[in-house]
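Below is one structure, written out as structure tokens; comments come after it.
So you know, we letter chains A, B, ... as the sequences are listed, proteins then strands, and number each from 1.
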Number of protein chains: 2
Amino acid sequence: MTDTRTRTTPTATDPELACPVSPVVDIVFSRWTTPILWTLHTHGRQRFVELERRIARITPKVLTQRLRQLERDGLVVRTYHPEVPPRVEYEISALGRSLAPLFAHLAEWAAENLTKVERARDAYDADDTNGSR
Amino acid sequence: MTDTRTRTTPTATDPELACPVSPVVDIVFSRWTTPILWTLHTHGRQRFVELERRIARITPKVLTQRLRQLERDGLVVRTYHPEVPPRVEYEISALGRSLAPLFAHLAEWAAENLTKVERARDAYDADDTNGSR
DNA sequence: CGGGATCCACTACGATACTG
DNA sequence: CAGTATCGTAGTGGATCCCG
């Protein structure tokens, strides 16, 4: 993703944003965020380790980073229980839940068109003229 | 993004894909792809330089890379006219056009909720306990 | 348990040339 | 015009160790 705090140009004036969907992409579709949101959405409120186990291959460091980002953006709520051992729970916020129909739409497109993309790739790779251009 | 051609794990077996929207993200929402698709969609078939000028700040090298990827995935059609000087035109394919309602949905979510995200960020940054954790 | 701190590796990206 | 080539860099992710 592009870290909003260190980005040189503010979001509003970035010329690339003649495209109105770009800002959403930065927020919702940076790496690991969709698996995190999806897991949170389908399994409800859960602890750090549960997320870590369910998402598989994600390292705790990255999981923490992404959860912080999502918390900062108001898509996820973090609850800290000062116990021994400590317990932290994550859940989707109302704002995060508002993404649900979008994700459903996305999943639907995937179901219908993902095979077409793969066929296009195979066709492209099989064409000699593409390799030697 | 993750370059599809050099990725070690094939898409189908990647454990991260308990989330059905991840593969779509790799294809459609990698960096620069949404501005490219958006420009192609709103201005129709156009040449390399036109894209380059309209997207602003993108370098020809990166534009080429992304266009190749989109062409390989079947979302964009490239037409080469062997003339002097050479002329190349890009346009959205039928598959690419099938993303239009998705993009509209995305733009709608942005219009409604982007300010909420920014307010959440301000609130998070203003909270001292977040900085000194 | 839920991280933070540190070090390292990769590579995508940007800038600057240069060509058919 | 439409790229390719080369170089340099910075942002991320992985691995490891450690702490409250």
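- For B:Phe48, the side-chain atoms get nearest to D:dG3 when compared with the rest of C:dG4, D:dC1, D:dG3.
- Atom-to-atom, CG of A:Leu67 to P of C:dG4 comes out at 10 Å; the value is rounded to the nearest Å.
- Ranking D:dC1, D:dG14, C:dG14 by closeness to the B:Val62 side chain, first place goes to C:dG14.
- Nearest nucleotide to the A:Arg78 side chain, out of C:dC13, C:dG2, C:dG3: C:dG3.
- Residue pairs meeting the salt bridge (charged side-chain N to carboxylate O under 4.0 Å, His left out) criterion with at least one member in residues 85-104 of chain A, sequence neighbours excluded, are A:Arg45-A:Glu89, A:Arg45-A:Glu91, A:Glu83-A:Arg87, A:Arg87-A:Glu89.
- Take B:Thr39 and apply the side-chain contact (heavy atoms from CB on, under 4.5 Å) test, not counting sequence neighbours, and it matches B:His43, B:Gln46, B:Leu51, B:Arg54, B:Ile55.
- Residues forming a ring pair (Phe, Tyr, Trp, His ring centres under 6.0 Å) with A:His105 (at least two apart in sequence, or on another chain): B:His105.
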B/S/- contact track for nucleotides 15-20 of chain D, protein heavy atom under 4.0 Å:
B----B

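- In this structure, of D:dG14, C:dG4, D:dA2, it is C:dG4 that holds the atom nearest to the side chain of A:Arg68.
- If you find the closest nucleotide of DNA chain C to A:Thr64 and to A:Pro85, the one lying nearer the 5' end belongs to A:Pro85.
- Scanning for side-chain hydrogen bond (donor to acceptor under 3.5 Å, both in side chains) contacts around B:Lys61 gives an empty result, with sequence neighbours left out.
- For C:dA12, the OP1/OP2 oxygens have no side-chain nitrogen or oxygen of B:Gln65 closer than 4.0 Å.
- Between B:Arg53 and D:dA2 there is no side-chain polar atom (N or O) within less than 4.0 angstrom of OP1 or OP2.
- Contact between the side-chain N/O atoms of A:Tyr90 and the OP1/OP2 oxygens of C:dG3 is found at a separation under 4.0 Å.
- Taken from CG in A:Asn113 to NZ in A:Lys116, the straight-line distance is 4.5 Å, to the nearest 0.5 Å.
- The side-chain hydrogen bond (donor to acceptor under 3.5 Å, both in side chains) test applied to B:Thr79 returns no partner, not counting sequence neighbours.
- Using cut-offs of 30° and 60° for the angle between ring planes, the A:Phe48 and A:Tyr90 rings count as tilted.
- Within the structure, every side-chain polar atom (N or O) of A:Arg57 is placed at least 4.0 Å from both OP1 and OP2 of D:dG14.
- Side-chain nitrogen and oxygen atoms of A:Arg47 include at least one within less than 4.0 Å of the OP1 or OP2 phosphate oxygen of C:dG2.
- Checking the phosphate oxygens (OP1, OP2) of D:dG13, a side-chain nitrogen or oxygen of A:Arg66 falls inside 4.0 Å.
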